[in-house]
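Since the structure comes first, as structure tokens, the remarks are kept for the end.
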Amino acid sequence: MLKEYSEDIVRVGVDEVVVSIDTVEDDTYSRFRMGSVSDVIMGLYELYRVRKKYNSPLILGLAFTVTTLNYSELPGIVKLANSVKAVYINLSNIIPVSEKMIQYACFMSENCRKEIKRYLNMVSRLALEYPIRIYKVNFTLKAQRTCSFMAENALFMGWDGKLSPCLHYGHNYYTYLFSLKRRIYRIVFGDINRENLMSVWFKRDYHLFRYIAKTGYLPSCLDCDIAEYCIITKDNMMDCWGNSPTCAHCPFMYGLTACPL
């Protein structure tokens, strides 16, 4: 699609385009996404050609989700980013949403955590050479927790107009972080079809939610010693400090995964 619509994207004055590309190999690409990575790469080169043709200021970024299958391809992604004149690469980790996906989570694999350090050093040197900005993520749990959606005063609107505080809480699904299964319920604070955006933004419960998420006044569930036995945080509706809903085990808060902001 990028190859087909590059002219339109540039001519209408789009400011920034972020393209997800987790590999440069078709075999690896087919393990996670539909289609062919060759088509994606051709689209990136076409966008570069059109940007150059119109002397466009459009910013191109690449998003790379690190897994146990593709971490060794990071240097190749940096080289591709340079050849299509991408400004940055946004790294993230995969969120296992099924037991089968646990094996692909690099941050939950001791071997992958050791190996990724070496490859991150390699891409850091390449990024300085080209130059390209590399936005990294954590591969171990850190004390500091931040939420990009709260920091940027952003929210997430679903296809149906329902307003959620962030991408992570915009759907119903399960996560399997550090082998613990948790139910994630969609959190909705308003509906753009029936309410004014600003009236939703200043709702008391939404205001309190943002304050708690922004200040980090939450327990730390992912490294809690009794997480395996805790029945309170088997979902995101409440934590042991009484926050409801809670971000206490959100991988975005811990910097394990990256928001598209």
Checklist entry - Hey, quick one: are W201 and F189 part of the same hydrophobic cluster, counting side-chain heavy atoms closer than 4.5 Å, chains of contacts allowed? => result yes

Item to check | Y71, F178, F139 screened by ring-ring contact (aromatic ring centres under 6.0 Å, His included) with F107, the one that passes | outcome: F178

Checklist entry - Is the ring centre of F149 less than 6.0 Å from the ring centre of F156? => result no

Next on the checklist: Checking the side chain of T68 only, and the main-chain atoms of Q103 only, is there a donor and an acceptor separated by less than 3.5 Å?
Outcome noted: yes

Item to check | Verify same cluster id: M101, L180 (apolar side-chain graph, 4.5 Å) | outcome: no

Checklist entry - Does a side-chain heavy-atom distance below 4.5 Å link N153 with K214? => result yes

Checklist entry - With no hydrogens and no angle check, is any side-chain donor or acceptor of R11 less than 3.5 Å from a backbone partner on S6? => result no

Checklist entry - Does Y54 OH have over 12 foreign heavy atoms under 6.0 Å away? => result yes

Item to check | T246 side chain to A248 backbone, donor-acceptor under 3.5 Å | outcome: yes

Checklist entry - Between V37 and T23, what is the shortest heavy-atom contact and its length? => result CG2-O, 3.1 Å

Item to check | N193 side-chain N/O to D160 backbone N/O, donor-acceptor pair under 3.5 Å | outcome: yes

Review item, side-chain donor-acceptor pairs of residues 227-238, under 3.5 Å, at least two apart:
unit_1, atom_1, unit_2, atom_2, d
D235, OD1, M237, N, 2.9
N236, OD1, Y185, N, 2.8
N236, ND2, Y185, O, 3.0

Next on the checklist: As a test of understanding, state which of I134, L120, L126 forms a side chain to side chain contact (heavy atoms under 4.5 Å, CB included) with L74.
Outcome noted: L120

Item to check | Note: E46-R49 ion pair, threshold 4.0 Å (strictly below) | outcome: yes

Checklist outcome for this item: Minimal heavy-atom distance between R183 and Y173, with the atoms involved, is NH1-N, 3.3 Å

Checklist entry - Under a single-linkage definition using a 4.5 Å side-chain heavy-atom cutoff for Ile, Leu, Val, Met, Phe, Trp and Tyr, are Y5 and I59 assigned to the same hydrophobic cluster? => result no

Checklist entry - Which atom pair, heavy atoms only, marks the closest approach of N93 to N138? => result ND2-O, 3.0 Å

Item to check | Under 3.5 Å: donor-acceptor pair, side chain of N70, backbone of D22 | outcome: yes

Checklist entry - Sub-3.5 Å donor-acceptor pair from the side chain of S164 to the main-chain atoms of C166, do we have one? => result no

Checklist entry - Hey, do the aromatic rings of W241 and Y217 have their centres closer than 6.0 Å? => result yes

Checklist entry - Can a salt bridge be assigned to the pair E110 and K114 using a cut-off of 4.0 Å between side-chain N and carboxylate O? => result yes

Item to check | Trace of the salt bridge (Lys or Arg N to Asp or Glu O under 4.0 Å) decision for R210 with D205 | outcome: CA-CA 9 Å; R210 295 200 309 275; D205 56 346; over 6 Å; no

Checklist entry - Taking side chain as C-beta onward, heavy atoms only, is L222 less than 4.5 Å from L177? => result yes

Next on the checklist: Which heavy atom of I21 sits nearest to which heavy atom of I77, and what is that distance?
Outcome noted: O-CD1, 4.0 Å

Item to check | Qualifying residues under side-chain hydrogen bond (donor to acceptor under 3.5 Å, both in side chains), relative to K203, sequence neighbours excluded | outcome: E195

Checklist outcome for this item: Applied to residues 242-261, the ring-ring contact (aromatic ring centres under 6.0 Å, His included) test, sequence neighbours excluded, yields H168-F252

Next on the checklist: For K181, is there an ion pair with E99 - N to carboxylate O distance below 4.0 angstrom?
Outcome noted: no

Item to check | Common cluster, Y130/Y45, ILVMFWY with side-chain heavy-atom separation under 4.5 Å | outcome: yes

Item to check | E73 side chain reached by V24 side chain, heavy atoms, under 4.5 Å | outcome: yes

Checklist entry - Under a 4.5 Å cut-off applied to non-hydrogen side-chain atoms, are I9 and L58 in contact? => result yes

Next on the checklist: Please find the pair of heavy atoms, one from C247 and one from M253, that lie closest to each other, and give the distance.
Outcome noted: O-CG, 3.8 Å

Checklist entry - Between the side chain of S92 and the main-chain N/O of A258, is any donor-acceptor distance below 3.5 Å? => result yes

Checklist entry - Less than 4.0 Å between a side-chain N and a carboxylate O, is that true for D191 and R194? => result yes

Item to check | Hydrophobic cluster identity match, Y135 and V123, side-chain contacts under 4.5 Å | outcome: no

Next on the checklist: When you measure from the SG of C106 to the SG of C112, is the result less than 2.5 Å?
Outcome noted: yes

